[in-house]
Amino acid sequence: MPRDPDPPPAKRFKPGSPFSRLDKKKPGMLLPRAGHAPVNVDAQRKQLPIYQSRTQLINQIRQLHSAVFIGETGSGKTTQIPQYLYEAGIGRQGIIGITQPRRVAAISLAARVAEEKKVQLGKLVGYTVRFEDVTSSETKLKFMTDGMLLREAIGDPLLLRYTVVILDEAHERTVHTDVLFGVVKAAQRKRIEQNKIPLKVVVMSATMDVDLFSQYFNKSPVLYLEGRQHPIQIYYTKQPQSDYLQAALVSIFQIHQEAPASHDILVFMTGQEEIEALARTCRDISKHLPESCGPMTVVPLYASLPPAQQLRVFQPAPKVPAAPQTLTPHAEPVLALTCCLCFTGVQEGGSLHKHRRNLHHYLRHQIRDRHGDGESQTLQSRCNLASVILQLLALGVPDVLNFDFMSKPSPESLRTAVEQLCILGAVDRKDDHVSLTPLGKKMACFPLEPRFSKTLLISPDFSCAEEVLTIISLLSVDSVLYNPPARRDDVLAVRRKFISSEGDHMTLLNIYRAFKKVSGNKDWCRENFVNSRNMGLVLEVRAQLRDICIKMNMKLESSLSDLTNVRRCLAHGLFMNAAELQPDGSYVALDTHQPVAIHPSSVLFQAKPACVVFNELLHTSRCYMRDLCLVDAEWLQEAAPEYFRRKLRATKS
DNA sequence: AGAGGTGCC
């Protein structure tokens, strides 16, 4: 069928259009353009629209405890406001902390601001993300991930090192950022009550729906940051596009042909798979373009790329960065294509499923950005509330059930979370009062889900802490198993030598041990279809967890060849995630009695183990158990006799 | 007999 997408916006270049306005040579905005003539960063800073309102902004913030800023991407708010505050002497007694939802953003923003301040990164300007702390005693402007500040708050609930906390990208909310908001708000209130140096809170959002933020921070004023570096003009296609990937592709090459070579194109897509496919197609096509077109560099950008590759979008080149919806690089493209999806004309059965999934993905972001109601449900579904509750208790929040959440989780989900922590022995509950047990206190020290920190903490009782450290680290990162579909048979053949009939945990452990034997050899990884980057992360996570264990004086022993103890330990830690084989060959989860199935990726997929614990449940076409470990039913009983007695009663009644 | 989302500590 001939495809006839609407003429894309590039067709409409004409004098006075936003594109022709961009023809005026403007230096790159937020990031250095290495390779070009040296640019004057001071001059660049002064060109930012936000610079005009600098004095006014400073005067307003000086008088406020809290403020909410709305400024679109490109207004320069994230790089400039921290500097304005610092330059105006606001918060000089302490640190100005700027939180970001993502690591790459925290790192690249810090690098840019250090460049603007002409200082070495890690001195006046630094950043802190997991595994990387590029700060020093001199650091006054500190970019960090939200998660890092939340961790810091456990040791310092009043955030006394900070005089200003800037919560950036506030529109990208999760349960964790909601908790962070609550922690920051409480710290601010308590510091006033205790006559300590006040904490200024600045919330920055790219979207207009900031009423909730303003309300939450004591009806703080909302300040609008006018303008952006580059004007925006939105064009729509006249008709729905049956194949938005194809339409994007056509648009990309029309723009590439017509726009000046210095301009970049940014395409928003729904995920890694689409991004890689589009990048491949673009590269293929660009090889066969006439020379008059100029070269095209295609730079994919998504989270699972190595950070160095993610930063490539900031290098100057004619290029097409392809980014998922949630990742906005801090470069100003000449044109951003946001691809909306629709069902019209989607015919093939296989791709219908895919489109539906993508649409779902897309809508979720739309809904989350625009709609206040139902939001808390979306937020909850994305993360384990039990770990949030544990964290709150560790932060010293006295009444967790009535914590000042910006969007309150349902009482039922809160109850379930507390119940889970109770069963794990992390909390005690008397009437409505919930408190941390000594075990729970230790559990909160690990950057892990409660059931994993519990498993790790009891591992010395089974003399297998080293193995459990390894297994939990392996489960904490994206899979170390590399499964290119095109080489499926090779993968199966190579992996056979690691497979354990005791399940996925033991199989992963075998792979890790083999990897260590060859000292992390990259060729070995390639030959054995092991993702060496993720394996590298495993080593980092493991080292971090091990440090925490050592600080707690845990006895770190290895069970060596006998892995029964390891499985017993997993049974004792993961007993809430257990399932039993039924006479008809199906499985039932012992906790909820719901039917579950073994995920096809499990090494036990074709086996029929009588009793297993699993890592997580995946609700897709069915309810799948992922990462299974064979256990004895008796181990579960000895792990939590009371819990299983109750479960048994529930079954009978 | 058969899967597929993200980010963070």
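Because only heavy atoms are used, hydrogens play no part in the values below, and waters and symmetry mates are left out as well, while side chains stay in. Protein chains get the first letters and strands the later ones, always in sequence-line order, with residue 1 at the start of each.
- Set against B:dA3, B:dC8, B:dC9, the side chain of A:Arg102 has B:dC8 as its closest nucleotide.
- Of the possible donor and acceptor atoms, one in the side chain of A:His171 sits under 3.5 Å from a partner among the backbone N and O of A:Ala206.
- Nucleotide B:dA3 holds its C1' atom 13 Å from the CD atom of A:Glu616, rounded to whole Å.
- Side-chain contact between A:Lys454 and A:Leu439 is present, with at least one heavy-atom pair separated by less than 4.5 Å.
- The closest side-chain heavy-atom distance from A:Met535 to A:Asn531 is not below 4.5 Å.
- When the P atom of B:dC8 is taken as reference, atom CG of A:Asp478 falls 10 Å away, rounded to whole Å.
- A close approach under 4.0 Å does occur between a side-chain nitrogen or oxygen of A:Ser621 and OP1 or OP2 of B:dA3.
- The backbone N or O of A:Ala277 sits less than 3.5 Å from a side-chain atom of A:Thr281, completing a donor-acceptor pair.
- Counting any heavy atom pair closer than 4.0 Å across all strands shown, A:Gln606 reaches a base atom.
- For A:Thr145 and B:dC9, the shortest distance from a side-chain N or O to OP1 or OP2 is below 4.0 Å.
- Of the side-chain N and O atoms in A:Ser601, none sit less than 4.0 angstrom from OP1 or OP2 of B:dA3.
- The interatomic distance linking A:Ile472 (CD1) with B:dC9 (P) rounds to 19 Å, in whole Å.
- Regarding contacts with the backbone of B:dC9, a side-chain N or O of A:Arg103 is found under 4.0 angstrom from either OP1 or OP2.
- Looking at heavy-atom distances under 4.0 Å, A:Phe605 makes contact with a base.
- Looking at the side chain of A:Thr620, the nearest of the listed nucleotides B:dC9, B:dG4, B:dG2 is B:dG4.
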